[in-house]
Amino acid sequence: MTDVEATFKLLMIGDSGTGKSSLLLRFTDDAWLQPDEVAATIGVDFKVKSMDIDDKKYKLTIWDTAGQERFRTLTSSYYRGAQGVIMVYDVTQRESFEHLSTWFNELETYSSNPLVVKMIVGNKVDKETGEATRQVSRKEGEAFAKRMGTLFIEASAKTRAGVKDAFVEVVRKIIETPELYQKSSAPRVANTRTFHRIQITKSHNSSYELIFRASENTGGTVTCRDPKSGLDA
Ligand SMILES: Nc1nc2c(ncn2[C@@H]2O[C@H](COP(=O)(O)OP(=O)(O)OP(=O)(O)O)[C@@H](O)[C@H]2O)c(=O)[nH]1
């Protein structure tokens with residue numbers, strides 16, 4: 001089992017300090033940095049990890065974006081081509097949960113693919129027994145995720161709880177949605193732009209149309225259509 005079945009791009013978004021970089025480090029290296037060793041992400045960082053699911057190997061490139069507005073640049077390029085988006089909030093910071101709607105707006109603005117798999121992660125559950133009290137209940141997190149049609153999990157980068165499961169669930173859902181990564185079955189409708197049509201006349205009563213389309217999903221396509229029947233020729 002050495003061949004890579006597919007490569008997926010995942011993106012981590014959410015308010016600064018919710019633990020995106022810590023979750024990623026826990027997932028890729030099973031490591032945890034002490035709070036005084038952690039620095040805010042500037043721009044974007046990314047890690048590559050392979051994952052085996054049902055005896056198949058998948059390569060993940062995981063982009064970790066800055067939560068702080070002033071460190072965010074080239075936002076649209078983060079989203080381009082992403083098949084999965086992990087949205088993180090801190091269960092002990094209600095504001096980071098309430099900001100999820102802003103992150104959804106950004107996702108809608110920049111993600112070209114309506115099928116992109118979304119997962120909401122409520123991070124830092126270990127803190128509920130420690131110095132900080134929880135400000136968002138699991139029930140509330142779940143209800144919000146259900147309303148937004150996304151996957152949901154609670155996690156702790158510190159204790160490992162839920163971290164691997166979050167990534168595995170996202171990848172499984174992507175695998176179940178081949179339109180997201182198989183070129184031949186990518187939808188033609190979304191983000192497909194017809195940019196040129198030419199009519200080719202074969203004889204006085206038969207002509208065909210060549211249609212050139214550009215799509216972020218499929219690259220370019222050229223189809224030949226009988227304009228009378230509307231069928232591909
Ligand atoms: N107790 C606890 N602390 C956490 C957890 N995850 C992250 N932290 C702490 O939260 C702080 C912020 O973590 P980061 O991983 O840098 O957060 P971020 O979302 O990547 O922040 P930006 O890069 O600014 O967007 C650090 O002090 C981490 O140690 C967790 O699961 N439990």
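These figures come from a predicted structure and were not determined experimentally. Side chains are part of it too, since the values below use all heavy atoms of this structure and drop only hydrogens, waters and symmetry mates. Both ligands and their constituent atoms are indexed starting at 1 by order of listing.
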Element-labelled atoms of ligand 1 that are located less than 4.0 Å from some non-hydrogen atom of K127 =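 Taking each heavy atom of K127 in turn, ligand 1 has 1 (N) under 4.0 Å.
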Atom indices of ligand 1, in the order listed, that fall short of 4.0 Å to a heavy atom of K20 =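 Answer, ordered by atom number: 15 (O), 17 (O), 18 (P), 19 (O), 20 (O), 21 (O), 22 (P), 25 (O).
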Between D90 and T18, does any side-chain donor sit less than 3.5 Å from a side-chain acceptor?
->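 On atom types as modelled, these side chains do not qualify, holding no pair under 3.5 Å.
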Side-chain donor-acceptor pair present, Y79, E106, cut-off under 3.5 Å = yes
Taking distance alone, with no angle check, do S16 and ligand 1 share an N/O pair under 3.5 Å?
->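 Yes, S16 has an N/O under 3.5 Å of an N/O on ligand 1.
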Using distance alone, decide if ligand 1 has a nitrogen or oxygen within less than 3.5 Å of any nitrogen or oxygen in D64.
->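 No: no nitrogen or oxygen of D64 is under 3.5 Å from one in ligand 1.
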Which residue from G67, G17, G14 reaches closest to atom 21 (O) of ligand 1 through any of its heavy atoms?
->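 The nearest heavy atom belongs to G17.
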If you take all heavy atoms of Y181 and I174, which pair is closest and at what distance?
-> CE2-O, 3.2 Å
Part of D126 with heavy atoms under 4.0 Å of ligand 1, whether side chain, backbone, both or neither | side chain
Heavy-atom distances under 4.0 Å are what count here, so tell me which part of T41 touches ligand 1: side chain, backbone, both or neither.
-> both
F167 vs F27 aromatic rings, parallel, tilted or perpendicular, using cut-offs 30° and 60°?
->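 If you compare the ring of F167 with that of F27, the planes turn out parallel.
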Taking the non-hydrogen atoms of T159, is any one of them nearer than 4.0 angstrom to ligand 1?
->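 Contact absent.
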